[in-house]
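Each chain gets a letter, A, B and so on, in the order its sequence line appears, and its residues count up from 1.
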Amino acid sequence: MTVVTRFAPSPTGFLHIGGARTALFNWLYARHHGGVFRLRIEDTDRQRSTKEAIEAIIDGLKWLGLNWDDETVFQFARAPRHVEVALEMLKQGKAYYCYCTPEELEEMRTAARAAGKPVRYDGRWRDRDPKDAPAGIKPVVRLKAPTSGETVVHDKVQGEVRVANEQLDDMVLLRSDGTPTYMHSVVVDDHDMGITDVIRGDDHLTNTFRQLQIYEAMGWKAPSFAHIPLIHGPDGAKLSKRHGALGVEAYREMGYLPEALRNYLLRLGWGHGDDEIISTEQAIAWFDLDGVGRAPSRFDFAKLDNLNGHYLRETDDARLAREVAARLGVAGDVAIEQRLSAGMTGLKARAKTLKELSENARFYVLKRPLSPDDKARALLSVDAAAVLKELRGRLAAAPSWLSPDLESQARAFAEAKSIKLGQVAQPVRAALTGATTSPPIFEVMQVLGREETLGRIDDAIAGAA
RNA sequence: GUCCCCAUCGUCUAGAGGCCCAGGACAUCACCCUUUCACGGUGAAGACACGGGUUCGAAUCCCGUUGGGGACGCCA
């Protein structure tokens, strides 16, 4: 049987990092088994669902490279089918009308909690004659769930988990306004969409027992389940939207590469021996649910940074130059993009994110004259200016403008003057970049070209005090 | 309160009874490389939550304790 997985976010916010990982695992599992990965937008909460959120989720998935198959299913549009199934259950005696008021239910809960009993609906309308229905109250439809025995989930990550049916109550299938509840819609949709494997956050584990009872009542074959642990924040507290969890677009803005985020998310809660850098091809070949751990893991930016740095260094210079140009507001400037691309070798070893890379690259984009920062200014003393002036003459006459040749020139110059190379290189760095740290300075000279280099040195000499 | 799940270095993990006085990666520290800062290289420090069992032998199995997490809605 072909594997069919799905990612089913509710569009009430952005695609947060936990959701992204759930989507990744579903995608990987489907691709690994040559199956189908589907997307279902659970937009049944009309109050909180927004068009912006739907777009953010779709953009996020696309950015991460998690392509889905078949058409996207919108849950709200399927409400009539959900109602139809609930009515069928009613007809078969698998469900019943309940006329309890919210106040009654609240009393029940308070009493149960006080008595140390499980908090659940007591089933008071379960076998009552509908003729007893109080006038003017619209009923909900509840599942007639088994009252004895136990329900068992054979979970691919959590193992066999069982719960006594007394712990579960008769859940609401249809609200008093006739709309289906989430719990019910999910089951009908997963069944109708032919989902074979439900992979989701383990906050849904206990929901699974109830959902299983719906499958049971309808005589449907249940999919297999895999509940993956949630991601926690660095402090161990849960990483939820309420606690500042970020959407993937925030990671994008911070300058993380999708391939780095994918690799990071994969390794969070999943392992394949000692492998750390895992390409998408390898991930598809290796991914399996039994490699998924059962304990929640903490999100660690330091490791993400490290991974991102690695992928940054592997990324094509031209692509990086375009990203940087866009971030520095000079997108489309061909000359500048070429300069950035040429400077990428030295630049990309020094950055963890595109944001950092862009900041470090800014000096390549700046127009003369530069405004050196305080530390650079301190380097540009009158003495240093004298050194620069002499060096400038030598450079102006240099037969080659290639980095190794420029370095030879500078070394010969330093030697002739009996000073250390650093005493030459640092003022040049300050002059060319306006900072005290930068890529190798002779590489910078080559990338900047003779004219720009000499111009910046002249500016520095003129500005020295 | 009731039920369910979890527990190896600071973090992510390897480990499915002897290969483990526990391996890798990130982070940290030191050294090397070096014109700066990085990258890279070498090395150091760093964990089986606790207590009982079972066994010739336990990080691995069982029980309990403690500590985390999740669920208990006419939200999803």
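For K348(A), no side-chain nitrogen or oxygen approaches OP1 or OP2 of A38(B) to under 4.0 Å. Distances shown here put every side-chain N or O of R48(A) at or beyond 4.0 Å from the OP1 or OP2 atom of A76(B). Of the side-chain N and O atoms in R200(A), none sit less than 4.0 angstrom from OP1 or OP2 of A71(B). Contact between the side-chain N/O atoms of T181(A) and the OP1/OP2 oxygens of C74(B) is not found at any separation under 4.0 Å. A sub-4.0 Å separation between OP1 or OP2 of C74(B) and a side-chain N or O of R142(A) is present. Listed pair R267(A) / A25(B) fails the phosphate criterion, with no side-chain N or O lying under 4.0 Å from OP1 or OP2. One finds no side-chain N or O of N306(A) lying less than 4.0 angstrom from the OP1 or OP2 phosphate oxygen of A25(B).
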Trace of the side-chain hydrogen bond (donor to acceptor under 3.5 Å, both in side chains) decision for K348(A) with T315(A): CA-CA 9 Å; K348(A) 65 187 183 181; T315(A) 300; over 6 Å; no

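With hydrogens and angles left out, the side chain of S438(A) and the base of C37(B) share no donor-acceptor pair within 3.5 Å.
Here the side chain of R313(A) is nearest to one of U35(B), C39(B), U2(B), namely C39(B).
Contact annotation for R120(A): no contact, since no heavy-atom pair falls under 4.0 Å across all strands. Residue contacts shown for P439(A) include a base, since a base heavy atom lies under 4.0 Å away. Residue S49(A) is classed as having no contact, given no heavy-atom separation below 4.0 Å to the nucleic acid. Using a 4.0 Å heavy-atom cutoff across all strands shown, E276(A) reaches at least one base atom of the nucleic acid. Among the protein residues, K375(A) comes within range of no part of the nucleic acid, since none of its heavy atoms lies under 4.0 Å from any strand.
Taking the C1' atom of each, A45(B) and C29(B) are spaced 8 Å apart, rounded to whole Å. Of the P atoms belonging to G10(B) and A71(B), the separation is 28 Å, rounded to the nearest Å. The gap from the P atom of G23(B) to that of A59(B) amounts to 14 Å, rounded to the nearest Å.
A cation-pi arrangement is not found for R78(A) relative to F74(A), the charged atom failing to lie both closer than 6.0 Å to the ring centre and inside a 45° cone about the ring normal.
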Within the sub-3.5 Å range, which N or O atoms of nucleotides 19-23 of chain B have a protein N or O partner, and how far apart are they?
residue	atom	partner	partner atom	Å
G23(B)	N2	D274(A)	OD1	3.2

Which protein N or O atoms sit under 3.5 Å from an N or O of nucleotides 4-11 of chain B?
residue	atom	partner	partner atom	Å
C5(B)	O2'	Q158(A)	OE1	3.1

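Counting only heavy atoms from C-beta outward, the side chains of Y182(A) and S10(A) never approach each other to under 4.5 Å.
Relative ring orientation between F301(A) and Y256(A) is described as tilted, the plane-to-plane angle lying within the 30° to 60° band.
Put simply, CD on E42(A) is 9 Å from P on A76(B), counting in whole angstrom units.
Between the side chain of Y264(A) and the backbone N or O of N306(A), no donor-acceptor pair lies under 3.5 Å.
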